[in-house]
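For reference, the structure discussed in these notes is given below.
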Amino acid sequence: MTTNDIAAAESRERLDANLARVEDLSKRLMTALTRKKSVPAALSGPDASLYANASQAYWQEWMQNPAKMLEHQVQYWGKTMTHFVDAQQALAKGPLKAPEDPGPKDRRFANPLWDTHPYFNYVKQQYLINSEAIAGSLDEIAELDPKEKRRLKYFAQQITDMFAPTNFLATNPDALMRAVETEGESLVKGLENLVSDLEANNGELVVRLADEEAFQIGENIATAEGEVIFRNRMMEVIQYSPTTDEVHETPIVLFPPWINKFYILDLKPTNSLIRWVVDQGYTLFVVSWINPGADYADVGLEAYIEEGYLKATEIAKEVCGVDKINAVGYCIAGTTLSLTLSLMKKRGDKSIKSATFFTALTDFSDQGEFTPFLEDDFADGIEQEIAQEGVLPSFIMARTFSFLRSNDLIYGPAIRHYMMGETPPAFDLLYWNGDGANLPGKMFSQYLRGLCQRNEFATGEFELLGETLSVKDVDVPLMSIATETDHIAAARDVYRGVQMMGSRSKQFVLGQSGHIAGIVNPPSKNKYGHFTGDDLKLDFDEWKDSAEHHEGSWWPHWEAWLKKRSGKKVPARIPGEAGYEPLCPAPGTYVKLKAVKQNQ
């Protein structure tokens with residue numbers, strides 16, 4: 001037996017051993033899947049009426065304008081037949097090779113084999129032809145409600161993305177090559193990763209985006225020094241330790257969103273907004289929200305405002321011995337800060353000196369990319385889930401956000417994790433992204449129905465705590481920061497809400513990049529710029545055209561504005577010196593509470 005024969009035999013043995021491991025993993029897979037809890041069907045797809053209406057509109061278009069519809073079909077048939085004939089001719093000429101024009105670029109098809117190998121190139125080009133035809137056919141439907149058309153396009157795109165050839169082993173050259181190189185080890189490791197993810201989430205497939213073992217909250221992320229000085233059922237209040245001898249008299253109270261954890265603003269020292277604010281000479285309080293369980297089912301926005309916003313404001317005033325604070329709200333916490341400001345005006349409470357909003361919506365008249373999820377069928381499914389669980393489980397919100405960027409946040413990571421057998425990266429931002437929180441049932445219903453669907457705050461009809469609240473009541477000096485490519489709070493929608501606010505002193509800043517990177521944009525990186533403009537009477541496009549572009553982070557611009565509203569300098573305040581004894585070091589205990597898993 002030759003050396004090559006021996007090597008081949010050993011390779012085959014490793015392959016057989018790897019395949020044998022599949023049997024055990026298959027058993028674990030089936031066990032994990034049996035633990036999966038059913039969720040309302042509406043959370044997995046649209047009501048059947050959407051497709052029925054689309055079909056009816058499509059046939060109406062056929063009857064009214066058959067030439068246009070036939071033209072579209074003939075174009076698709078022509079491209080497909082030409083593609084097939086070209087491949088047949090290449091085969092008949094001798095050595096089979098890909099055409100000189102490999103087709104349009106798509107980052108999913110980065111492997112050179114998609115362009116040079118005739119099989120993979122044929123599969124890629126036909127997929128792109130099919131995708132183009134589907135998108136084109138939807139564009140041709142005229143007699144369909146705009147919202148329904150937007151939803152239909154969204155779900156059609158999801159189906160198109162799901163059936164990309166990169167998502168299947170037989171048509172993914174990267175996965176096939178890795179399997180051959182590792183004698184099947186990559187496929188077995190991928191199956192192990194799949195089974196582990198299913199087991200960790202009780203049968204629900206939540207693709208792990210980051211190596212969860214690489215991070216420990218309070219040890220290598222969320223490490224800014226401070227103390228928890230107050231705790232109730234809704235929040236912990238963290239007072240951060242000063243890094244300057246003197247601080248501005250007026251403190252800052254920062255309210256982060258409760259969909260995810262606050263430490264997005266303190267991932268590491270180099271990009272920590274929390275550290276940067278403290279270094280500029282401010283007393284900073286940050287709210288860390290509870291991660292609620294089923295016993296919070298009846299907790300609504302009332303509790304977040306009274307036991308959160310108003311209580312944290314009271315604590316900061318007492319600790320600092322002042323009458324006013326500067327408030328900051330991020331995303332949903334910014335929306336709720338605006339509700340709080342309206343309520344405070346009704347009550348004659350002038351405790352807020354200024355307000356800063358990070359990517360915060362107050363006018364939901366245009367629901368943007370969330371349109372597919374804000375119609376009654378999906379909302380009904382959400383409320384069915386809430387009725388069953390008491391909370392909206394974190395994985396549902398995470399899945400919703402992920403499908404807005406499915407290739408980046410679902411299929412791409414799934415390919416690497418399950419087909420290539422790779423370990424998820426040690427990436428702090430992705431770790432935070434997967435560390436979600438459950439949402440109390442009543443609160444989310446109020447937000448979904450009253451704010452998102454009925455837009456009652458923008459129309460001055462939102463009833464809460466015995467008052468009717470309106471965005472026009474927000475009249476404190478304010479600055480609103482939106483970001484250019486935000487797919488959660490679109491900049492033009494944020495801008496429209498700011499225009500409605502009643503403040504005589506307001507600024508709008510447009511940061512480059514998206515919902516996270518556009519906010520977590522430290523000056524030291526000099527990475528993303530920002531736009532400013534004074535005339536907020538212009539519509540958004542006119543404002544942007546006339547706005548001045550500035551290189552680098554918007555943080556110094558905001559701090560210069562904030563400094564004017566923060567009073568004189570006073571000796572730095574040490575946590576625990578003003579009557580609120582430290583309960584534990586930052587980042588506290590609530591931030592470490594994990595979301596309730598399925599069936600637990």
Side-chain angles (χ1 to χ4, degrees), residues 32-33 35-47 151 154-155 158 161-162 197-210 257-261 289-301 304 331-333 335 364 367-406 408-411 413-414 430 432-453 487-489 515 593-600:
L33 289 174
R35 297 167 61 189
K36 183 178 184 300
K37 178 185 70 66
S38 62
V39 298
L43 299 183
S44 300
D47 186 271
R151 295 189 84 204
Y154 168 82
F155 289 112
Q158 293 304 317
D161 289 342
M162 181 174 65
D197 285 355
L198 287 168
E199 290 174 338
N201 294 282
N202 294 293
E204 186 67 44
L205 182 56
V206 179
V207 183
R208 196 179 316 172
L209 299 178
W258 49 86
I259 294 174
N260 289 94
K261 309 293 182 63
W289 300 103
I290 188 68
N291 191 349
D295 52 337
Y296 279 70
D298 295 327
V299 168
L301 284 168
Y304 278 90
C331 191
I332 190 175
T335 304
F364 294 84
Q367 298 158 350
E369 293 190 43
F370 275 93
T371 298
F373 306 106
L374 294 177
E375 299 308 299
D376 281 337
D377 53 356
F378 189 81
D380 291 345
I382 287 285
E383 292 187 336
Q384 290 175 35
E385 179 72 7
I386 286 171
Q388 179 174 299
E389 298 293 324
V391 295
L392 181 66
S394 66
F395 87 90
I396 291 178
M397 283 300 292
R399 184 175 66 181
T400 300
F401 286 128
S402 294
F403 271 112
L404 293 175
R405 294 291 182 270
S406 56
D408 294 331
L409 296 177
I410 297 177
Y411 301 121
L430 291 179
W432 168 85
N433 188 71
D435 188 17
N438 304 313
L439 301 177
K442 179 181 177 182
M443 183 284 300
F444 195 74
S445 291
Q446 290 170 311
Y447 181 78
L448 178 64
R449 298 293 192 183
L451 295 176
C452 297
Q453 282 195 321
H487 62 286
I488 296 172
H515 193 72
L593 296 176
K594 295 296 182 181
V596 175
K597 300 292 187 181
Q598 288 277 81
N599 290 344
Q600 289 184 350

How many angstroms lie between atom CZ of R449 and atom CZ of F444, to the nearest 0.5 angstrom? 10.5 Å
Can you measure from OH (Y296) to CD1 (I290) and round to the nearest 0.5 angstrom? 4.5 Å
So I396 and I382, side chain to side chain contact (heavy atoms under 4.5 Å, CB included) or not? Walk me through it. CA-CA 9 Å; I396 291 178; I382 287 285; 4.1 Å; yes
H515 vs C331, side chain to side chain contact (heavy atoms under 4.5 Å, CB included): CA-CA, chis, key distance, verdict: CA-CA 9 Å; H515 193 72; C331 191; 3.5 Å; yes
Using 30° and 60° as the class limits, which term best fits the ring planes of W289 and Y304: parallel, tilted or perpendicular? tilted
Side-chain (K261) to main-chain (L593) donor-acceptor, under 3.5 angstrom: yes
If you look at every heavy atom in P440 and P292, which pair is closest and at what distance? CD-CG, 3.7 Å
Heavy-atom count check: over 12 atoms from other residues, nucleotides or ligands less than 6.0 Å from D298 CG? no
For the CG atom of L439 and the CG atom of L448, what is their distance to the nearest 0.5 Å? 11.0 Å
Please assess K442 against L301 for the test side chain to side chain contact (heavy atoms under 4.5 Å, CB included), listing each intermediate value before the final yes or no. CA-CA 8 Å; K442 179 181 177 182; L301 284 168; over 6 Å; no
Supply the atom-to-atom distance I410 CD1 to D161 CG, rounded to the nearest 0.5 angstrom. 9.5 Å
Value for CG (L451) from OG1 (T335), rounded to nearest 0.5 Å, stands at 7.5 Å
Working to the nearest 0.5 angstrom, can you tell me the gap between I488 CD1 and I259 CD1? 8.0 Å
Provide the closest heavy-atom pair for A437 versus W258 in the form atom of the first, atom of the second, distance. CB-O, 3.4 Å
N291 side chain to N438 main-chain N or O, any donor-acceptor pair under 3.5 Å? yes
